[in-house]
Amino acid sequence: MAKKLTLVTGGAGLIGSQIIEDLNHNGNTDILVVDHLGTSEKWKNLQRNFFRDYYEKNQFESFLDSGHPILSEISEIYHLGACSATTEKDATYLMQNNFHYTRKLAEFAVGKNLPFLYASSAATYGEGEFGYDDKAPIDNLKPLNMYGYSKHLFDLYAKKTKIADKLIGLKYFNVFGYGEAHKGDMRSLVLKGYEQIRDTGKLKLFKSYKPEYKDGEQKRDFLYVKDASKISIYLLSERKYGLYNVGRGMAETWNDLASALFQAMNKQVNIEYVDMPDSLRGKYQYYTCADMDKLTKVGYPFGFTNLQDAIQEYVRLLELEAK
């Protein structure tokens, strides 16, 4: 059978399910979804999409090991499957899940000359002491947590083995949007804040422990999941190989996000600043902002959704779901 199958690992996750939804809108339903559903509610993200088949990640890994016939049908790969918990303590699990699995799948793709896109992370930049430039050398980056390191390790591996120029690696910044409810404590503040405001009428934000930042003025590059998906599909379909930042190139404060959220919910702004857990204090990024020149220079044409409009639409979707 001729190759025609799109593989999406992490296809029940936030970005993966949005990519499948957008591929569906483009007329592609010949999609193989791989994920690990476990006891979470992320199976609900599969409901809104159309695809040919689904496999659990361990089952699909056995296909890679045994050379299963379905592998010969795959024509392109979006590899978004990973443990995305920045607080995950099990380093062995992160190595297996985020590094070894990615390496195995990338080597398969390169061996078959298949376009391969994988999720790196803005967490690879650590405190940002070397900036957030996707054109700069990656060797000196120092991630603040094991999650970031597990992502960084594959970026380094791809560079060292000289397969990086045959891959598309995406350093996603703070992605939020519909389809993240299953993520527990790793849900975006937009969703956590929506639930807090709905239930209590107020929103809790972490205090700042650096004098140059006031409470709630810590900054992030927030990106709507629909933009993350558009960028991903563009880069893979246009075969724009390389390691890219995927953000908006704009740093906004948690207070900005909070204001947009209260406005979308038609509520008065009511913020309580709370102590940051000790476990986070030394690993907390006070500022992230993606340098987006590289994406612009390869011709990405669609622009970005501003924070207010993205939150407005997201809140509307959450309220529709609640009805």
Side-chain angles (χ1 to χ4, degrees), residues 15 82-88 91 94 98-99 118-159 164 168-176 185-186 188-190 205-225 227-228 231-232 235 242-258 273 276-297 300 304 306-307 310:
I15 300 172
C83 171
S84 61
T86 58
T87 53
E88 176 59 57
L94 284 165
N98 293 2
F99 175 59
Y118 72 94
S120 180
S121 172
T124 59
Y125 286 118
E127 272 195 306
E129 62 268 45
F130 300 105
Y132 297 93
D133 184 355
D134 51 7
K135 302 178 293 300
I138 62 173
D139 308 75
N140 295 323
L141 297 180
K142 292 181 172 59
L144 294 172
N145 52 48
M146 183 58 208
Y147 161 76
Y149 180 63
S150 69
K151 292 290 191 176
H152 181 51
L153 201 59
F154 181 77
D155 294 341
L156 289 171
Y157 173 81
K159 180 181 178 181
I168 300 160
L170 302 187
K171 295 196 177 199
Y172 293 108
F173 277 66
N174 289 72
V175 180
F176 69 93
D185 201 44
M186 298 315 322
S188 74
L189 186 71
V190 184
L205 295 177
F206 287 140
K207 292 176 183 175
S208 169
Y209 295 87
K210 291 188 175 181
E212 61 268 36
Y213 292 90
K214 294 178 182 175
D215 291 342
E217 295 294 306
Q218 306 97 319
K219 290 187 170 183
R220 290 285 187 279
D221 191 333
F222 301 109
L223 182 70
Y224 195 31
V225 68
D227 293 334
I231 294 167
S232 305
L235 290 171
L243 188 58
Y244 294 86
N245 285 337
V246 180
R248 280 192 304 138
M250 182 180 295
E252 294 177 274
T253 69
W254 293 113
N255 288 335
D256 292 331
L257 184 148
Y273 299 102
M276 189 184 295
D278 290 339
S279 59
L280 275 184
R281 285 191 199 184
K283 302 174 181 179
Y284 187 81
Q285 291 175 307
Y286 275 73
Y287 177 91
T288 65
C289 186
D291 181 324
M292 297 302 294
D293 287 351
K294 192 171 181 178
L295 184 70
T296 302
K297 284 176 179 169
Y300 178 69
F304 304 95
N306 71 49
L307 187 62

Kindly indicate whether the side chain of Phe176, heavy atoms from C-beta on, has any atom under 4.5 Å from the side chain of Leu307. yes
Check whether more than 12 heavy atoms from other residues, nucleotides or ligands sit under 6.0 Å from atom CE of Met250, and answer yes or no. no
Heavy-atom side-chain proximity of Phe304 to Met292 below 4.5 angstrom: yes
Between Lys294 and Tyr244, is there a side-chain heavy-atom distance shorter than 4.5 Å? yes
Quick one: does Asn98's side chain have a donor or acceptor within less than 3.5 Å of a partner on Tyr149's backbone? no
Verdict with supporting geometry, Leu295 and Val246, side chain to side chain contact (heavy atoms under 4.5 Å, CB included): CA-CA 8 Å; Leu295 184 70; Val246 180; over 6 Å; no
Indicate yes or no for a side-chain donor-acceptor contact from Lys171 to the backbone of Leu243 under 3.5 Å, with no hydrogens or angles considered. no
Just checking, is any N or O donor in the side chain of Tyr172 or Ser232 under 3.5 Å from an acceptor N or O on the other one? yes
Is the closest side-chain heavy-atom distance between Phe206 and Pro277 below 4.5 Å? yes
To check you understand the geometry: which heavy-atom pair defines the closest contact between Gly148 and Ala123, and what is its length? CA-CB, 3.8 Å
Residue pair Glu88, Asn145: steps toward the side chain to side chain contact (heavy atoms under 4.5 Å, CB included) verdict: CA-CA 9 Å; Glu88 176 59 57; Asn145 52 48; over 6 Å; no
Closest heavy-atom pair, Lys151 versus Ser121, reported as atoms and distance to 0.1 Å, is CG-CB, 4.1 Å
Flag, side chain of Gln218 to backbone of Gly216, donor-acceptor distance under 3.5 Å: yes
Determine whether the side chains of Tyr118 and Asp155 contain a donor N or O and an acceptor N or O closer than 3.5 Å. yes
Ignoring hydrogens, what is the shortest heavy-atom contact between Val225 and Val175? Give both atom names and the distance. CA-CG1, 3.7 Å
Between Thr288 (side chain only) and Asp221 (backbone N and O only), is there a donor and an acceptor less than 3.5 Å apart? yes
Point-to-point distance, once rounded to the nearest 0.5 Å, from CE of Met146 to CG of Leu94: 5.5 Å
Short side-chain to backbone donor-acceptor contact, Tyr273 and Ser208, under 3.5 Å: no
Below 30° counts as parallel, above 60° as perpendicular, anything between as tilted: where do the rings of Tyr287 and Tyr132 land? tilted
Atom NZ of residue position Lys214 - does it have more than 12 heavy atoms of other residues, nucleotides or ligands inside 6.0 Å? no
Is there a side-chain contact between Asn174 and Leu189 (heavy atoms, below 4.5 Å)? no
So, does Arg248 use its side chain to make a donor-acceptor pair with the main chain of Asn306 at under 3.5 Å? no
What one should report as the nearest heavy-atom pair of Thr124 and Ser120 is CG2-OG, 3.7 Å
Is it the case that the side chains of Thr296 and Asp293 hold a donor-acceptor pair, with the cut-off being a distance below 3.5 Å and no angle test? no
Run the numbers on Lys159 and Asp139 for side chain to side chain contact (heavy atoms under 4.5 Å, CB included), then give the verdict. CA-CA 9 Å; Lys159 180 181 178 181; Asp139 308 75; 2.5 Å; yes
Give a yes or no answer on whether the side chain of Glu252 reaches the backbone of Lys219 with a donor-acceptor pair at less than 3.5 Å. no
Any side-chain heavy-atom pair from Phe222 and Trp254 closer than 4.5 angstrom? yes
Between Leu257 and Val190, is any pair of side-chain heavy atoms under 4.5 Å apart? yes
What is the minimum heavy-atom distance between Tyr209 and Arg281, and which atoms define it? OH-NH2, 3.3 Å
Is Asn245 reaching over with its side chain to a backbone N or O of Asp291, donor-acceptor style, under 3.5 angstrom? yes
Is there a donor-acceptor contact under 3.5 Å linking the side chains of Asp134 and Tyr125? no
Quick one: closest heavy-atom pair of Ala122 and Gln285, and the distance? O-NE2, 3.9 Å
Find out whether Thr86 and Leu144 are in side-chain contact, i.e. whether some heavy atom of one side chain is under 4.5 Å from a heavy atom of the other. no
Face-on cation placement of Arg220 at Tyr284 ring, 6.0 Å and 45° thresholds: yes
Drop me the distance from Ile168's CD1 to Ile231's CD1, to the nearest 0.5 angstrom. 12.5 Å
